[in-house]
Amino acid sequence: MLIKIPRGWEIPERLVTPEEVYLNRRKFLVRAGTGALAGMAGLILPGGATLLGAKEEYQPANLPPLTAPRNPEYKTDRPISSERAGTGYNNYYEFTEAKDQVWKVAREFQPRPWQIEFKGHIEKPIKIDVDDLIKKMTLEERVYRHRCVERWVVIVPWIGFPLKKLVEFAAPTAKARYVRMLSFFRLSQAEGQSRATWYPWPYHEGLKMEEATNELAFVVVGVYGKILPNQNGAPLRVHTPWKYGFKSIKATTRFEFTDKQPPTFWNEVVPTEYDFEANVNPAKPHPRWSQAHEQIVETGEVVPTKLYNGYEKYVAHLYKWRPLLAGRGSSSVHPSR
Ligand SMILES: Nc1nc2c(c(=O)[nH]1)N[C@H]1C(S)=C(S)[C@@H](COP(=O)(O)O)O[C@H]1N2
Ligand SMILES: [Mo]
């Protein structure tokens, strides 16, 4: 689906504020780079058609095992997706936009050695090797639903630890209201990053402190009983299952504690389509597609979307102050730039 965005120079100068000029130029740059609409596409295939590519082709990476006891608290109403669905159908724009090819394109990425930095409103800045950090944590397995804003769903046995534990490790001060998270920038190892120069790399995301310390927010270092494969965000990524998948930043290099809402990647690229909060909400359509239904990657089943992706009991209290009116469930203030 293409939407026509007026080019900056087609808008009479007297009708626009400087900020609008800036935003329109930015949109134009995004579109100009691809010659078509860049970014996410909410495609639903005919019910029953798997979203996976050719079966023969997919090869799981040969990775060391990593196991942890499953936390029985987190259950889903559907079977766990196969390893091929969970690790063979991905979104990872640093590599490619072809979801069934990410595993292949990301194969040569070197996720170790890897340093993680903690900055901002914390007692003192920290830099730590990812494996030293993992050693400090108690690992568990959690089966979570993963719901992309494009409407595809996988049910994945993630291995990791609560993001709350990572926040405690960083020891933020009272000034910290948000956590800003950054991915890597490596043109030589990520072909999507070197080709798609119009995106505001590195990928960056953010959460409110109350969200980051909610019991559901998870740091992932493994999946399907192995250390995390490149395509799922090795060596370490975040997972917030009540939000659209784009909030779950992969290959994280930095956690920065801020007092202002940080800008986020997709919100910067298309501010009208992706807000900061991005809670799963069937009543709030994406401007280009409905969010009322979603499609299970492996089977192609089309099922109703659940508010907060089915995690209402854990997170609804965080958003209680705002009435959940149809179509207005998760508006949020655009960060100032
Ligand atoms: N660094 C980075 N993180 C990212 C993305 C990305 O392109 N780059 N895509 C996001 C989107 S849109 C989704 S749906 C999920 C996909 O996670 P999965 O491939 O492990 O299912 O990762 C999110 N995190
Ligand atoms: Mo996504």
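All of these numbers come straight from a predicted model, not from anything done at the bench. Nothing fancy with the numbering, it's 1 onward along the sequence. Ligands are counted one by one from 1 in listed order, and the atoms in each one are counted from 1 as well.
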**Q.** Check ion pair E298-R78 (N to O, under 4.0 angstrom)
**A.** no
**Q.** N71 versus E73, side-chain donor and acceptor atoms under 3.5 Å
**A.** no
Q.
Under the criterion ring-ring contact (aromatic ring centres under 6.0 Å, His included), I'd like the reasoning laid out for Y199 against W266: C-alpha separation, chi angles, the key distance, then a yes or no.
A. CA-CA 9 Å; Y199 283 126; W266 283 109; 5.7 Å; yes
Q. Which is it for W201 and ligand 1 at heavy atoms under 4.0 Å: side chain, backbone, both or neither?
A. neither
(Q) For F184 and F109, take the angle between the two ring planes, folded into 0 to 90°, and tell me which bin it lands in: parallel under 30, tilted 30 to 60, perpendicular over 60. (A) tilted
Q.
Starting from atom 17 (O) of ligand 1, what is the nearest protein heavy atom, named by residue and atom, and what distance separates them?
A. R237 NH2, 3.1 Å
Q.
Can a donor-acceptor pair be found, under 3.5 Å and without considering hydrogens, that links the side chain of N232 to the backbone of G86?
A. yes
Q. Is R237 reaching over with its side chain to a backbone N or O of V220, donor-acceptor style, under 3.5 angstrom?
A. no
Q. Relative to the heavy atoms of C148, which atoms of ligand 1 are at a distance of less than 4.0 Å?
A. 14 (S)
Q) Judged by modelled atom types alone, do K99 and N90 share a side-chain donor-acceptor pair under 3.5 Å? A) no
**Q.** Donor + acceptor pair across side chains of T87, Y58 (<3.5 Å)
**A.** yes
Q.
Please list the nearest protein heavy atom to atom 24 (N) of ligand 1 with its residue and the distance rounded to 0.1 Å.
A. S248 O, 2.9 Å
Q | Sub-4.0 Å heavy-atom contact, A251 with ligand 1 | A | no
Q) Is a salt bridge present between E94 and K250, judged by a nitrogen-to-oxygen distance below 4.0 Å? A) no
Q. Does ligand 1 have any atom that is closer than 4.0 Å to a heavy atom of Y244?
A. no
Q. Parallel, tilted or perpendicular: which fits the ring planes of Y144 and Y311, with parallel below 30° and perpendicular above 60°?
A. perpendicular
Q | Structural part of F95 in contact with ligand 1, heavy atom criterion under 4.0 angstrom | A | neither
Q.
Need the ligand 1 atom indices (1-based, order shown) with element for anything under 4.0 Å from a heavy-atom of N90.
A. 18 (P), 19 (O), 20 (O)
**Q.** Residues R180 and E256 bridged, charged N to O under 4.0 Å
**A.** yes
Q: Answer yes if the side chains of Y319 and E211 hold a donor-acceptor pair under 3.5 Å, and no otherwise.
A: yes
Q) Of all the atoms in ligand 1, which lie at a distance below 4.0 Å from a heavy atom belonging to Y93? A) 6 (C), 7 (O)
Q: Find all atoms of ligand 1 within a distance of less than 4.0 Å from any non-hydrogen atom belonging to W158, and give their numbers and elements.
A: 20 (O)
Q. Where is the nearest protein heavy atom to atom 8 (N) of ligand 1: which residue, which atom, and how far?
A. E94 OE1, 2.7 Å
Q) Which one holds for H146 and ligand 1: side chain close, backbone close, both close, or neither close, with close meaning a heavy atom under 4.0 Å? A) side chain
Q) So which protein heavy atom does atom 3 (N) of ligand 1 come closest to, and at what separation? A) K250 N, 3.1 Å
Q: Mind checking whether S183 contacts ligand 1 via backbone (N, CA, C, O), side chain (CB onward), both or neither, at a 4.0 Å heavy-atom cut-off?
A: side chain
Q: Specify the protein heavy atom at minimum distance from atom 9 (N) of ligand 1: its residue, its atom name, and the distance to 0.1 Å.
A: N91 O, 3.4 Å
Q. Are any of the N/O atoms in W266 less than 3.5 Å from those in ligand 1?
A. no
Q: Can you sort out which atoms of ligand 1 are near W152, meaning under 4.0 Å from one of its heavy atoms?
A: 14 (S), 21 (O)
Q.
I'd like to know if K247 contacts ligand 1, where contact means a heavy-atom distance under 4.0 Å to any ligand atom.
A. no
Q. Where does E150 meet ligand 1, judged by heavy-atom distances below 4.0 Å: at the side chain, the backbone, both, or neither?
A. neither
Q. Would a distance-only check, ignoring hydrogens and angles, find a side-chain to backbone donor-acceptor pair under 3.5 Å from R186 to Q110?
A. yes
Q: Could you name the option among S81, P202, G245 that has the heavy atom nearest to atom 23 (C) of ligand 1?
A: G245
Q. Is the shortest distance from a heavy atom of Y274 to ligand 1 less than 4.0 Å?
A. no
**Q.** Nearest-contact summary for atom 6 (C) of ligand 1 - protein heavy atom, Å
**A.** Y203 CE1, 3.4 Å
